[in-house]
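Just so you know, residue 1 is the first one in the sequence shown, and it goes up from there. Computation of the quantities below employed the complete heavy-atom set of this structure, encompassing side-chain atoms and omitting hydrogens, waters and symmetry-equivalent molecules.
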Amino acid sequence: MSGLPGARTCPGLGEASDLKFPLGAKFREPLTEARFQQLFADAEQESELLSEPRWSRLCRQWRRWPGACSRPGAWRLLLARLPPLRWLPHYRWRAWLLGDAVAGVTVGIVHVPQGMAFALLTSVPPVFGLYTSFFPVLIYTLLGTGRHLSTGTFAVLSLMTGSAVERLVPEPLGGNLSGIEREELDAQRVGAAAALAFGSGALMTLAAVLTALPRSSPAELTISALSLALLVPVKELNVRFRDKLPTPIPGEIVMVLLASVLCFTSSLDTRYNVQIVGLLPGGFPQPHLPNLTELPRILVDSLPIALVAFAVSASLASIYADKYSYTIDSNQELLAHGVSNLISSLFSCFPNSATLATTSLLVDAGGNTQLAGLFSCIVVLSVLLWLGPFFYYLPKAVLACINISSMRQMFFQMQELPQLWRISRMDFAVWVVTWVAVVILSVDLGLAIGVVFSMMTVICRTQRVQCLALGLAEGTELYRPLRESHKLLKVPGLCILSYPAPLYFGTRGQFRRTLEWHLGLGEGGKEAPKTDGPPNAVAEPVRVVVLDCSGLTFADAAGAREVVQLAGRCRDAGIHLLLAQCNASVLGTLTQAGLLNRVTPEQLFVSVQDAAAHALERLVRGQEQQEGNPGGAGLYSRSHETTGPKTCTVWV
């Protein structure tokens with residue numbers, strides 16, 4: 001194909017060359033995939049390229065598995081599933097223990113009021129927030145691979161769980177419940193919340209606030225205002241002076257102590273009907289299975305909760321792993337969080353995940369390893385066993401304010417919208433759609449809409465990808481899109497194309513149309529190749545096409561059949577098709593779709609450079625046969641400077 005703006009072309013095969021590193025230079029023989037396998041593959045992989053049926057490969061792998069069941073194999077499996085066996089023997093006790101202890105205690109102190117506060121969001125009694133701040137942290141310490149990750153109660157999950165719990169176990173319309181009726185209602189809600197945790201482990205709105213405002217107690221509104229007046233500035237001080245403070249200011253604990261003392265001395269619960277936490281049961285609940293009869297009803301709610309929990313946890317683990325240069329085992333993380341929810345549900349815990357607030361707090365306080373989680377568990381355990389009565393007079397309004405102050409960053413994210421608009425307008429649209437859906441509908445449904453919309457944007461982006469014509473960067477073996485520079489070279493009759501997107505049922509139509517455009521393959525048979533150059537540019541018929549498959553991350557059955565059909569159409573049109581740099585997965589899919597019935601293994605190359613060198617040799621041989629001029633070097637050359645477009649030729 002010729003006529004591309006800015007590209008230098010080769011109008012003939014007859015002028016001398018002065019290029020230093022031409023396309024056809026013989027550094028080595030062009031390597032096909034079959035030849036590469038013969039030279040570099042293992043002995044047992046040196047069979048014909050992908051000629052072995054898939055069922056026989058599976059049988060061979062099945063025969064290998066019994067040999068893997070050995071003592072070393074069992075030890076490797078144990079090391080993979082119990083990470084402390086790997087990192088604890090290398091623990092630096094003198095350097096890390098103090099930091100882990102301080103960080104763990106600090107995070108544990110925050111877990112106590114935050115756990116009780118988030119329990120209210122989940123619509124269960126506060127003590128169950130303490131259970132959720134203990135068991136998941138302990139389990140993740142034993143199974144997790146994130147050294148700096150802090151798990152426990154999470155505001156978004158609590159909102160999603162609370163929404164489901166209130167729908168499954170609604171409060172009676174009258175609202176005036178006796179003590180026994182309230183206990184029964186709480187027990188049912190705890191069972192529903194534990195069932196949600198079990199399901200997710202195996203697999204707000206402003207209008208409501210305004211509606212409830214006239215029914216609020218003036219005393220509780222005053223307590224809330226004073227609590228926010230203290231908590232929000234303390235949070236901001238902790239953020240702004242993070243590097244200067246030895247440990248963050250424990251605003252939540254100070255507020256809890258002040259409010260409890262004030263409520264006790266002033267009898268706010270009896271005089272002004274201020275709701276208080278009440279007696280926190282000591283010890284742990286008896287282990288029992290969650291209310292599994294609710295599972296069929298809550299599976300729809302469990303799926304988004306599980307997705308949000310793992311997405312947040314995996315993202316935080318990866319961020320801090322990259323920051324501190326260690327690796328995360330994603331499969332082990334999935335197992336750790338799943339087992340954490342499954343086992344903790346036996347102790348009446350609600351869904352949990354890693355949280356940004358406590359993770360940042362742990363890192364700022366000097367945490368180094370998962371051992372910090374044990375110190376957090378000790379703090380929560382102390383409250384459950386001995387210190388629970390001290391929280392009897394704690395107003396629930398204070399816990400609500402802790403929720404609001406913990407989620408303040410969600411409101412501050414509005415400030416990032418201008419920057420997000422400048423970086424990616426598509427991501428800006430995803431943010432806005434998700435936010436509007438959450439506010440108008442509900443947290444879980446809004447997040448589901450956001451996920452679906454985000455997936456649709458990915459599909460739309462892949463469908464808008466264009467097939468790119470490549471040219472050679474002069475003096476190199478590098479190929480870049482011709483539209484990027486006027487210094488790139490190309491050979492008449494040779495078309496090198498790259499399709500940098502997955503090839504699946506949604507993109508195969510675009511793939512077919514762009515290939516037809518570049519190769520001149522119309523529905524009525526072979527046509528002249530298209531040109532996007534000047535109107536008077538002469539299009540050179542394509543004789544060899546190289547398809548760069550390095551951008552094809554995967555191909556489904558529909559996409560693979562499209563490539564097979566393309567190979568057949570190219571063969572019928574007299575165009576020699578070469579495929580370059582297919583990954584093993586794509587090549588396997590193409591082979592199963594029947595590609596080797598249309599092309600030979602000698603048309604599959606390991607790189608674009610190898611395919612292009614082979615294509616040039618084919619073009620030179622064809623030119624020799626036409627002109628009777630055997631024996632040429634096949635080199636690019638630069639033409640004499642003229643007033644017309646720059647060109648290059650090949651010497652034969």
Side-chain angles (χ1 to χ4, degrees), residues 64-108 111 131-152 197 200-202 284 287 306 309-310 312-347 349 352-355 358-359 361-363 365-381:
R64 290 178 183 172
W65 288 342
C69 297
S70 60
R71 182 176 299 178
W75 177 246
R76 286 194 299 269
L77 179 63
L78 190 62
L79 288 177
R81 294 296 173 257
L82 288 178
L85 295 178
R86 296 199 308 267
W87 59 263
L88 197 56
H90 306 284
Y91 189 82
R92 302 177 186 176
W93 295 96
R94 292 186 178 180
W96 291 349
L97 182 59
L98 180 60
D100 283 341
V102 173
V105 171
T106 303
V107 173
H111 269 317
Y131 299 154
T132 310
S133 298
F134 176 80
F135 289 103
V137 177
L138 180 62
I139 296 170
Y140 184 82
T141 300
L142 299 176
L143 299 179
T145 60
R147 300 179 187 175
H148 300 86
L149 205 64
S150 175
T151 61
S200 61
F284 298 112
F310 181 68
V312 172
S313 301
S315 300
L316 283 176
S318 299
I319 290 173
Y320 284 96
D322 294 340
K323 183 177 180 180
Y324 292 97
S325 303
Y326 61 90
T327 58
I328 291 294
D329 186 342
S330 299
N331 290 332
Q332 182 65 20
E333 286 294 295
L334 183 61
L335 177 66
H337 290 289
V339 172
S340 174
N341 275 281
L342 280 171
I343 296 181
S344 62
S345 68
L346 304 179
F347 296 91
C349 297
N352 64 88
S353 75
T355 64
T358 56
T359 299
L361 181 61
L362 185 144
V363 173
N368 298 289
T369 66
Q370 297 94 315
L371 195 63
L374 293 180
F375 293 98
S376 298
C377 291
I378 292 174
V379 174
V380 179
L381 182 62

Here the gap from Ser376 atom OG to Ile378 atom CD1, rounded to the nearest 0.5 Å, amounts to 9.0 Å
When rounded to the nearest 0.5 Å, the distance separating CG of Leu143 from CG of Leu334 is 12.0 Å
Beyond-backbone contact of Thr145 with Arg86, side-chain heavy atoms, under 4.5 angstrom = yes
Heavy-atom nearest pair, Ala372 first then Leu362, reads CB-CD1, 3.9 Å
State, yes or no, whether a side-chain contact exists between Leu371 and Thr141 at a heavy-atom distance under 4.5 Å.
-> no
Flag, side chain of Arg147 to backbone of Gln370, donor-acceptor distance under 3.5 Å | no
Is a donor on one side and an acceptor on the other found under 3.5 Å between the side chain of Asn368 and the backbone of Gly366?
-> yes
Residues 314-324, side-chain donor-acceptor partners within the protein, below 3.5 Å, at least two apart:
{"from": "Ser315", "atom 1": "OG", "to": "Ala311", "atom 2": "O", "distance (Å)": "2.7"}
{"from": "Ser318", "atom 1": "OG", "to": "Ala314", "atom 2": "O", "distance (Å)": "2.9"}
{"from": "Tyr320", "atom 1": "OH", "to": "Ser360", "atom 2": "OG", "distance (Å)": "3.3"}

With under 30° as parallel and over 60° as perpendicular, where do the rings of Phe347 and Phe135 fit, or are they tilted in between?
-> parallel
Going by distance alone, is a donor N or O of one side chain under 3.5 Å from an acceptor N or O of the other, for Ser150 and Thr359?
-> no
Under 3.5 Å, is there a donor-acceptor pair between the Arg81 and Gln332 side chains?
-> yes
Nearest-0.5 Å distance that lies between atom OH in Tyr326 and atom CH2 in Trp87 | 11.5 Å
Side chains of Glu333 and Ser313: is there a donor and an acceptor less than 3.5 Å apart?
-> no
Flag side-chain contact, heavy atom, 4.5 Å: Asn352 against Asn341 = yes
In this structure, SG of Cys349 is separated from CD1 of Ile139 (nearest 0.5 Å) by 8.0 Å
What closest approach, in Å, do Ser340 and Ser344 show between heavy atoms, and which atom pair accounts for it?
-> O-OG, 2.5 Å
Do Thr151 and His337 have side-chain heavy atoms sitting under 4.5 Å apart?
-> yes
Show your working on side chain to side chain contact (heavy atoms under 4.5 Å, CB included) between Leu97 and Arg92 and close with a plain yes or no.
-> CA-CA 7 Å; Leu97 182 59; Arg92 302 177 186 176; over 6 Å; no
Residues in side chain to side chain contact (heavy atoms under 4.5 Å, CB included) with Leu381, at least two apart?
-> Phe134, Phe284, Leu385
Could you verify whether a donor N or O on one side chain and an acceptor N or O on the other, from Asp100 and Thr369, lie under 3.5 Å apart?
-> yes
Minimum-distance pair of heavy atoms, taken over all atoms of Val137 and Gly373 | CG1-O, 3.5 Å
